[in-house]
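Have a look at the structure below, then the notes.
Naming: A, B, ... by sequence-line order, numbering from 1 per chain. What you see is a predicted model, and the numbers here were worked out from it, not measured in a lab.
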Amino acid sequence: MVDLLANRKREQTARGTNRLVSELFDDRRGGSQLKDPTSMAIQLYDQPGFVPLKGPDSSLAELTDFICAAQMARADDAHLGELPHEDESGPSHVHGDPPKDKKRKFFEDERWERKKHRAYEKKHMDDDETIRLPNPMIGFGIPDEPWHMSHRTLPEPAIGPPYFYYENVALAPKGVWNTISRFLYDIEPEFVDSKYFCAAARKRGYVHNLPIHNRFPLMPLPPSTINESLPLTRKWWPSWDPRTQLNCLQTCIASAKLTERIRKALEDWDDEPPLHVQKYVLDECRKWNLVWVGRNKVAPLEPDEIEMLLGFPKNHTRGGGISRTDRYKALGNSFQVDTVAYHLSVLKDIFPGGINLLSLFSGIGGAEVALHRLGIPMKNVVSIEISETSRNIVRSWWEQTNQKGNLIDFTDVQQVNGDRLEQLINSFGGFDLVIGGSPCNNLAGSNRVSRDGLEGKHSALFYDYFRILDLVKCIMGKNQ
DNA sequence: CCAATTATGAGCGTGAGG
DNA sequence: CCTCACGCTCATAATTGG
């Protein structure tokens, strides 16, 4: 059994990837036997498609994977490992009655174990170090606000080339952003709510090494209220619905049955419904992001409307064989273009001739659309996206917007190795920007089934973002 | 027509922040 | 206390495709 506490301690005391690198490196040079988590990690990471860089400079690239894997293995240990026994209260003390039946007892025990586990995690987590979300969530600054941070000092290893930009949900389980930040060269994440850029909230964290002075927003500025964004709803908006902005646009929408129930609940009242009905309707409207489209009629947003709110061109995700539900899903998983573009705007002066882009988890091409709308030419775009329909969307957008550059696409980030990256980098001289938002479904609060954190099946692909970014850094550094 | 695929509706729980 | 969250799974219904 691996010494869980020692590992956790080590993880806590390690400050930054460099420290992790050197620790692991020293272990290896000293010829010491690989410890359990590491060998587990190597097995874990011994997947088809992963090929470490060859040659004299391979050590860093290998170490990168090494660290990822070790981290993952350690996290696994934390899940599987037995917790220290707590002597005082047990389930029977909490639930005074004797268990009613076997099933119930099992259920209660499960709950108890989970609670104990969390209590343990809390007790042993360095609370001071946990990243807290800013309020208001305006990151390092938003357009038309007097308060701006114009300069920051990046840790030395964080500095490009290439520039990079990583995105994920802000409200991830505790500690997730600490881990992300630690891997991404100890850069402090920038947390921004897109409600400052459009009429819908979208609380996201961004880790990037871009300059932050002289940012500018996309023009024209999108409308910032529901009223202005969806003018047809104005006529039907009841005075007792105080919403001026929408909640986060998600991947699921309300059922037709629900909107019908709401209509029925309202039809008995001539003017204002009683308070309890108002509350019911408003709660559902907030929960499902419903808008008023007729007398007593609410409806979920149409895909076109979501496209518009997120800053995509109309019909961006329409047609080409994509179903309606897949449209909602792809849109719900996407960037808010204006928000991202504001951060990327600083690249315009740095690269007047255009950029080479590596886009991971491209989805429907939020990054590409943002750069295009900023007027930053894309010379070569390597886009990696697992969904065929999403790749088709980006491809057809690329053709319809008469892009001059090359769009090269791949399917799976896990298949991208050092050799392939080296080829690409040699063929057009390196990437200027590595951008991507890795899967959030194991981090997002809406997930009641598998909110497993960064080690979750899908969200663990974050480590591939880091692996690929670090490979690019290594290869480009080598060629200088 | 029948089988296969896809769409819909409902229910699902909790952590974190204010 | 309150609100909010780039979701998942299952059963069932609807649609597609040969």
Side-chain angles (χ1 to χ4, degrees), chain A residues 107 110-111 114-115 117-119 121-122 125 127 130-137 166-178 191-195 198 200-206 242-243 245-262 279 282-290 300-301 303 306-307 309-312 317 321-337 339-340 361-364 366-367 385 387 389-390 436-454 456-459 461-462:
Chain A
F107 179 66
E110 285 280 292
R111 286 181 71 93
R114 281 159 69 187
K115 270 200 169 143
H117 190 281
R118 277 198 299 274
E121 291 275 320
K122 271 201 176 122
M125 187 137 51
D127 277 335
T130 309
I131 292 177
R132 291 195 160 277
L133 301 180
N135 184 22
M137 200 179 279
Y166 173 81
E167 178 259 12
N168 216 321
V169 292
L171 287 106
K174 246 184 190 164
V176 165
W177 277 105
N178 290 72
F191 294 101
V192 185
D193 190 336
S194 294
K195 74 178 182 182
C198 69
R202 206 170 188 78
K203 296 181 179 69
R204 296 294 180 268
Y206 306 91
R243 291 175 299 153
Q245 291 195 302
L246 294 160
N247 283 334
C248 186
L249 307 172
Q250 301 192 101
T251 55
C252 298
I253 62 160
S255 66
K257 299 274 182 200
L258 175 67
T259 60
E260 173 62 4
R261 283 198 294 272
I262 289 174
K279 176 158 170 49
L282 279 176
D283 283 351
E284 295 297 326
C285 285
R286 289 199 171 101
K287 183 164 153 195
W288 293 103
N289 256 334
L290 303 172
L301 295 169
I306 299 181
E307 280 170 356
L309 287 161
L310 291 176
F312 288 91
T317 58
I322 190 173
S323 73
R324 199 178 150 84
T325 28
D326 283 350
R327 249 183 117 181
Y328 279 116
K329 197 164 215 173
L331 284 162
N333 283 314
S334 178
F335 287 165
Q336 204 288 323
V337 170
T339 311
V340 171
F361 315 101
S362 306
I364 58 174
E385 168 57 42
S387 153
T389 47
S390 291
S438 60
C440 68
N441 39 2
N442 303 122
L443 311 177
S446 317
N447 188 343
R448 294 104 184 265
V449 180
S450 52
R451 196 183 187 186
D452 303 331
L454 258 195
K457 192 178 169 192
H458 305 281
S459 295
L461 288 171
F462 159 73

Rounded to whole Å, NZ of Lys287(A) lies from C1' of dG13(B) at a distance of 12 Å

Rounded to the nearest 0.5 angstrom, the CG-OG distance for Asn168(A) and Ser438(A) is 4.5 Å

Sorted by position of nearest nucleotide on DNA chain C, 5' first, the leading residue of Asn168(A) and Asp283(A) is Asp283(A)

Closest of dA16(B), dC8(C), dC6(C) to the Lys174(A) side chain is dA16(B)

Quick one: does Asn289(A)'s side chain have a donor or acceptor within less than 3.5 Å of a partner on Cys248(A)'s backbone?
-> yes

Here the distance between atom C1' of dG9(B) and atom OH of Tyr328(A), to the nearest Å, is 15 Å

* Between Thr325(A) and dA7(B), does any side-chain N or O lie under 4.0 Å from OP1 or OP2? -> yes

Residue pair Asn135(A)/Ser446(A) against DNA chain B: nearer the 5' end by closest nucleotide is Ser446(A)

Asn247(A) CG to dC6(C) C1', in whole Å, measures 13 Å

Original post:
Contact class for Ser438(A) (heavy atom, under 4.0 Å): base, sugar-phosphate, or nothing?
Top reply: base

When rounded to whole Å, the CG to P distance for the pair Asn447(A) and dC10(C) reads 13 Å

Whole-Å distance, Asp452(A) CG to dG13(B) C1', equals 13 Å

Separation between the P atoms of dG18(B) and dC6(C), rounded to whole Å: 16 Å

With the side chain defined as heavy atoms from C-beta on, Val449(A) is closest, among dC8(C), dA5(C), dG17(B), to dC8(C)

Taking dG13(B), dC6(C), dC8(C) as options, the one with an atom nearest any side-chain atom of Ser450(A) is dC8(C)

Atom CZ of Arg243(A) and atom P of dC4(C) are separated, to the nearest Å, by 10 Å

CZ (Arg451(A)) and CG (Asn442(A)) are apart, to the nearest 0.5 Å, by 10.5 Å

Need one value for Ala201(A): base, sugar-phosphate or nothing, where a base atom within 4.0 Å counts as base even if backbone is also close, heavy atoms only. nothing

Ranking dC6(C), dA10(B), dT3(C) by distance to the side chain of Lys257(A), first place goes to dA10(B)

Check the phosphate of dC12(B) against Arg451(A), side-chain N and O only, distance under 4.0 Å to OP1 or OP2. Yes or no?
no

Mark yes or no for whether Gln245(A), through its side chain, and Lys195(A), through its backbone, hold a donor-acceptor pair below 3.5 Å. yes

* Has Lys279(A) got a side-chain N or O lying under 4.0 Å from the OP1 or OP2 atom of dT3(C)? -> yes

Q) Taking atom types as they are modelled, is there a donor-acceptor pair under 3.5 Å from the base of dC4(C) to the side chain of Arg286(A)? A) no

**Donor-acceptor pair, side chain of Trp288(A) and main chain of Pro300(A), under 3.5 angstrom** = no

Between Ala444(A) and Arg324(A), the residue closer to the 5' end of DNA chain B by nearest nucleotide is Arg324(A)

Margin query: Does a side-chain N or O of Thr251(A) approach OP1 or OP2 of dC6(C) to a distance below 4.0 Å, or not?
Written below: no

Mind checking Cys440(A) for me? I need base, sugar-phosphate or nothing, with any heavy atom below 4.0 Å counting as a touch.
base

The Watson-Crick or G-U wobble partner of dG13(B), with both key distances under 3.5 Å, is none

Can you tell if the side chain of Arg261(A) reaches within under 4.5 Å of the side chain of Leu258(A), non-hydrogen atoms only?
-> yes

One should read off an interatomic distance between Glu385(A) CD and Ile364(A) CD1, to the nearest 0.5 angstrom, of 10.0 Å

| query | Taking atom C1' in both dG13(B) and dC4(C), what distance in whole Å separates the two? | reply | 13 Å

Between CZ of Phe191(A) and C1' of dA16(B) the distance, given in whole Å, is 13 Å

Can you tell me if Ser255(A) touches the phosphate of dA10(B), counting only side-chain N or O atoms and a distance under 4.0 Å to OP1 or OP2? yes

Atom NZ of Lys329(A) and atom P of dG7(C) are separated, to the nearest Å, by 8 Å

